[in-house]
Colleague: 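The structure under discussion is supplied below as structure tokens; questions concerning it will follow.
In this text the structure is predicted, and so the values were computed from the model without any measurement. Count residues from 1 along the sequence.
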Amino acid sequence: AGSFLHSRLGLQQKAVLASSLSKYRRLYTSYKKEKERKMPQPYDARAILKIDGNDNFRFLQDLVTNDLAKLKEGLIYAALLGPQGKFLFHFFLFKRGESIFLDCASSEADAILQRLNMYKLRRDVHIENTDLSVSRGVGQAPEGAFADPRHVGLGWRLYETTQIED
């Protein structure tokens, strides 16, 4: 049937069909690459940024989608939006002492760091990478672990310099 249809098409119709197929292939290839880029990463592919300075609380409060007052209760889940309200990044925040830590996908850490530094202006804020790693699990949480704020069934998250082995 395909060859019959092909033989009945005129030259102009064949050119349109070839152009459409070519456009479809480009779109599909682009879609596939984008889908692969957004595939979930192994959980050891996390980066923890440390935000220090006298203005760290106010600086982040002005930028993220969650209320940082909730840091007193533990871990919070938040996002960073662009100027038009477009979703850019999502991450976890927690506090130790006066420092605030940001847990994000390692593939996004450099972009988040760049974006935060862009917004810093003259604020007393210092942002740096840390050597902390994330351990997570369900069941009995180890001492110092935070409950996952998204849902109780997601278990706990622990931030230490070494990862807990199974």
Side-chain angles (χ1 to χ4, degrees), residues 27-166:
L27 286 172
Y28 180 72
T29 303
S30 172
Y31 164 78
K32 244 175 103 172
K33 286 180 183 175
E34 184 68 15
K35 186 176 177 186
E36 288 170 2
R37 187 179 72 80
K38 291 185 176 180
M39 289 297 289
Q41 300 172 338
Y43 226 75
D44 57 347
R46 304 293 294 175
I48 314 299
L49 303 177
K50 180 180 180 181
I51 299 120
D52 266 333
N54 293 329
D55 296 332
N56 66 351
F57 185 87
R58 283 181 299 168
F59 169 70
L60 284 173
Q61 183 65 63
D62 293 344
L63 294 175
V64 302
T65 59
N66 208 331
D67 182 10
L68 293 188
K70 296 178 185 176
L71 284 172
K72 293 175 185 171
E73 302 166 19
L75 191 65
I76 63 172
Y77 183 66
L80 183 63
L81 306 178
Q84 288 80 30
K86 180 181 175 190
F87 174 87
L88 299 175
F89 308 104
H90 63 106
F91 42 79
F92 296 94
L93 294 166
F94 64 97
K95 192 169 184 177
R96 283 192 182 159
E98 294 303 312
S99 300
I100 299 174
F101 293 84
L102 186 149
D103 166 10
C104 63
S106 60
S107 62
E108 297 176 342
D110 289 337
I112 292 173
L113 186 60
Q114 181 181 7
R115 178 70 61 155
L116 292 177
N117 279 322
M118 181 178 75
Y119 289 133
K120 231 172 39 170
L121 301 175
R122 293 184 177 156
R123 296 205 184 190
D124 180 17
V125 175
H126 312 285
I127 307 165
E128 62 187 11
N129 283 306
T130 68
D131 61 348
L132 292 176
S133 62
V134 183
S135 299
R136 64 188 182 107
V138 293
Q140 184 64 37
E143 186 175 331
F146 297 103
D148 193 307
R150 296 171 295 176
H151 188 274
V152 69
L154 294 174
W156 50 264
R157 302 169 76 83
L158 179 66
Y159 300 94
E160 296 292 332
T161 52
T162 57
Q163 209 167 13
I164 295 177
E165 298 297 322
D166 289 335

Colleague: Taking the side chain as C-beta and beyond, is there a heavy-atom pair between L102 and L116 under 4.5 Å?
Modeller: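 Answer yes - side chains close enough.
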Colleague: Quick one: closest heavy-atom pair of T130 and I48, and the distance?
Modeller: OG1-O, 2.8 Å
Colleague: Between L132 and T161, does a side-chain contact (heavy atoms from CB on, under 4.5 Å) hold up when you go through it step by step?
Modeller: CA-CA 4 Å; L132 292 176; T161 52; 4.1 Å; yes
Colleague: Do D148 side-chain atoms and W156 backbone N/O form a donor-acceptor pair below 3.5 Å?
Modeller: no
Colleague: Short question: side chain of E128, backbone of K50 - any donor-acceptor pair under 3.5 Å?
Modeller: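 Such a contact is absent between E128 side chain and K50 backbone.
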Colleague: Between atom CD of E160 and atom OG of S135, what is the distance when rounded to the nearest 0.5 Å?
Modeller: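 Output value for this atom pair is 8.0 Å.
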Colleague: Show, in sequence, the C-alpha distance, side-chain angles and deciding distance for H126 and K120, and conclude whether the side-chain contact (heavy atoms from CB on, under 4.5 Å) test is met.
Modeller: CA-CA 9 Å; H126 312 285; K120 231 172 39 170; 5.5 Å; no
Colleague: Taking distance alone, no hydrogens or angles, what donor-acceptor pairs closer than 3.5 Å link side-chain atoms of residues 74-100 to residues at least two apart or in another chain?
Modeller:
unit_1, atom_1, unit_2, atom_2, d
Y77, OH, H90, ND1, 2.9
R96, NH2, Y159, O, 2.5
S99, OG, D52, OD1, 2.3

Colleague: State plainly whether the residues R58 and D55 are in salt-bridge range, i.e. N to O under 4.0 Å.
Modeller: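 The answer is yes: the pair qualifies as a salt bridge.
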Colleague: Within the structure provided, determine whether F59 and I127 are in side-chain contact (heavy-atom separation under 4.5 Å).
Modeller: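 They are in contact (side-chain heavy atoms under 4.5 Å apart), so the answer is yes.
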Colleague: So how far is it from R46 CZ to R136 CZ, rounded to the nearest 0.5 Å?
Modeller: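 Here the interatomic distance stands at 9.0 Å.
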Colleague: Would you please test D110 and R115 for salt bridge (charged side-chain N to carboxylate O under 4.0 Å, His left out) and show each step?
Modeller: CA-CA 9 Å; D110 289 337; R115 178 70 61 155; over 6 Å; no
Colleague: Go through the steps to decide whether V134 and D103 satisfy the test side-chain contact (heavy atoms from CB on, under 4.5 Å), and finish with yes or no.
Modeller: CA-CA 8 Å; V134 183; D103 166 10; 3.9 Å; yes
Colleague: Using the rule given for side-chain contact (heavy atoms from CB on, under 4.5 Å), can you reason through L49 versus N129, listing the C-alpha separation, both sets of side-chain angles and the distance that settles it, and then say yes or no?
Modeller: CA-CA 5 Å; L49 303 177; N129 283 306; 2.8 Å; yes
Colleague: Quick one: closest heavy-atom pair of A109 and A47, and the distance?
Modeller: CB-CB, 3.6 Å
